[in-house]
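Okay, so here's the structure we're looking at.
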Amino acid sequence: MSQTANNIFAAVLARVHAAVNALVAEGALPDGLDLSRILVEPPREAAHGDMAANAAMVLAKPAGKKPRELAEALAAKLRNEALIEQAGVAGPGFINLTLTRVAWLDALRAALAAGPDYGRSDIGRGEAVNVEYVSANPTGPMHVGHGRGAVFGDALANLLDFTGHRVTREYYVNDAGAQVDVLARSAFLRYREALGEDIGLIPDGLYPGDYLKPVGESLAQEFGPSLKGTPEPEWLPVVRTRAIEAMLAVIKDDLAALNVRHGLFFSERSLADRLQNAVEATIAALRAKGLIYEGRLPPPKGQPIEDWEDREQTLFRATEFGDDVDRPLMKSDGSYTYFASDIAYHKSKFDRGFRNMIDVWGADHGGYVKRMQAAVKAVSDGTAELDIKLVQLVRLLRGGEPVKMSKRAGEFVTLREVVDEVGRDAVRFMMLYRKNDAPLDFDLAKVIEQSRDNPVFYVQYGHARGQSVFRNAREVLPELPEEPTARADVLREAPLDRLDDPAELALIKRLALYPRVVEAAASAHEPHRIAFYLYELASEFHAQYTRGNASPHLRFIIQNDPLLTKARLALVQGVVAVLASGLALLGVGAPEEMR
RNA sequence: GGUCCCGUAGCUCAGCCGGAUAGAGCAGCGGUUUCCUAAACCGAAGGUCACAGGUUCGAGUCCUGUCGGGACCGCCA
């Protein structure tokens, strides 16, 4: 599918480029102008027409022309285009374009022809992108904050896939650090408990959650009392492996409940084990580039650190790449820092061919962004791009009141509890109905409310309502197929010129915006734009539906006029298809009916 | 002390790689409506885009600084 058949804005932009090239051919403009900054966008003011082009203002300086004169010359060319009804010059040199009614009706027809591919784009040009998200430590069930990152990453991956990228969805399993040893000790305690021992309170520093009890029980079943008498170095690796496995299973289950998928679970431990110690190799490679040295760091300012010892350590020259200080790679006990293995991990992404990487992190890791980006620049010699999306914290509310979570470790509301209570669709939509870097209030009472206040319901209801219209339309158009593609094919033949209500035309224009929104959301890595667009589309659709109450001649189904009905159903089909497409990008269901 | 994020209507938030007179929902105000699937619709009002400079044809958007809120701050993950 070519872009311009799919995207009327791209089609008009192509005409603007043609007009510029025509002026170049005539000698009125110099050759070699940069056209990339030319945009065709919907103007804020409807009075300015359907689209506005900034070409004259962008080209005026390099061409040595006055913007308004250039705009006039371009407008004259554009007036000859079949798509374009009017082309005027306004303000500092905008070219305001009004498209013909036929052009808009054709856009709807093209959308119906594209079916589920409407909005698909090839801006990614098949490029490989690695999206890493969730990457929660395998030490317990996921909490709500993890859920936001999970949904964000999953939707972003969907978007990139839809826009022509080759997407790998990845989860980095931190199964090598000290925290999984803590997990093992915690599980060992539960193991002793399962054998009948009274373990009392879980000591500070260990994971107290009940979710480890089943791990203890299965250890007791597998080993009986045989582990009890052995020293820690003997049982720990065994218990650790079992516990990590069990926690990963819990996490995968939580992710499945949210409909979040990954293509690859990448084990940190495998960097040391299977890849011939990739961490060492990575450090050696950086050392060869002169980016590693032994040196001292100044103590951090502000809060003094109790046990600060000024010592010489192995440092990465992060400052060479825009970080504030150089970063240590070895702990005082001689083992690698988390950062060191994270460099190796990102190098492995690079080695696997990724020049585009996206990491989705919680906002509490914000202090880590610069050094990671510095590391990616270093291992890739500046050829790879790492975008790090921070998702802000989620505040759980119920009816406006914060949900009480005990400070005592272990008592928190898990993601799973929230999903089970309000449903996967509500969780996903609400978490995407906010920019990733804005904090999110998640109200458990509100998201199950059936009202306009609740965008999840409102958008899903838009889809269900459209489906309901089709069910009711059988009386007037009994031959209309139920299967969406077949139905769209039939409706594409409808006499669309019967759509003459201004609101109907406005809806068509809204539908024509969809491919543009998809591209913008994908290239900005901002899935929330899809959610907002869907809300607006649903709102406009509901409004038109409701107008039919007071003005029966505006209803979609007109008993004695099958042709008009067919034309209006074509519009409904467009709305339903785009709602379904957008909801699918967000990973939210598009229901046939609301219950 | 430093780094990062945020500051837009009474509230919750959008604002599309800088674009024309800054938008939506809710609440409040005025009116309409009891319906093809209902949980409504129309209209008016509401703003020093935190503040001060700068960049340019043009700044809510980019840069610098200040103020306010949040997160983080050798080796933890």
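Residue numbering restarts at 1 for every chain, and letters A, B, ... go by the order of the sequence lines.
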State the pairing partner of [N]; accept Watson-Crick or G-U wobble contacts with both distances under 3.5 Å, and report none otherwise.
N	value
B:G58	none
B:C67	B:G7
B:G46	none
B:A40	B:U32

Counting only distance, no hydrogens or angles, is the base of [N] paired donor-acceptor with the side chain of [X] under 3.5 Å?
X	N	result
A:Arg37	B:C17	no
A:Tyr535	B:A24	no
A:Asn549	B:A40	no

Under 4.0 Å between a side-chain N or O of [X] and OP1 or OP2 of [N]?
X	N	result
A:Arg547	B:C42	yes
A:Ser468	B:U37	yes
A:Lys435	B:C5	no
A:His528	B:G15	yes
A:Arg395	B:G70	no
A:Lys370	B:U3	no

Task: Ring geometry between A:His365 and A:Trp361 (parallel below 30°, tilted from 30 to 60°, perpendicular above 60°) - done: tilted
- [ ] Mind telling me whether A:Tyr345 and A:Phe266 have parallel, tilted or perpendicular rings, with 30° and 60° as the class edges?
- [x] tilted
Is there ring stacking between [X] and [N], where the centres must be under 5.5 angstrom apart and the planes under 30 degrees?
X	N	answer
A:Phe457	B:A39	no
A:Tyr368	B:C72	no
A:His542	B:A40	no

Task: Pairwise 5' ranking along RNA chain B for A:Glu592 and A:Ser335, keeping only the more 5' one - done: A:Glu592
Task: A:Pro43 or A:Glu268, whichever maps to the more 5' nucleotide of RNA chain B - done: A:Pro43
TODO: Is it possible for you to check whether A:Arg465 lies under 6.0 Å from the centre of the six-membered ring of A:Tyr545, through NZ or CZ, and within 45° of that ring's axis?
DONE: yes
TODO: Compare every heavy atom of A:Tyr458 with every heavy atom of A:Ala538, then report the nearest pair and how far apart it is.
DONE: CB-O, 4.0 Å
Open item on the list: What contact category does A:Arg434 fall into here, base, sugar-phosphate, or nothing, at under 4.0 angstrom with non-hydrogen atoms?
Closed with: sugar-phosphate
TODO: Answer yes or no: is there a donor N or O on one side and an acceptor on the other, between the side chain of A:Arg428 and the main chain of A:Leu586, under 3.5 Å?
DONE: yes
- [ ] Round to a whole Å and report the spacing from NE2 of A:His365 to P of B:C72.
- [x] 10 Å
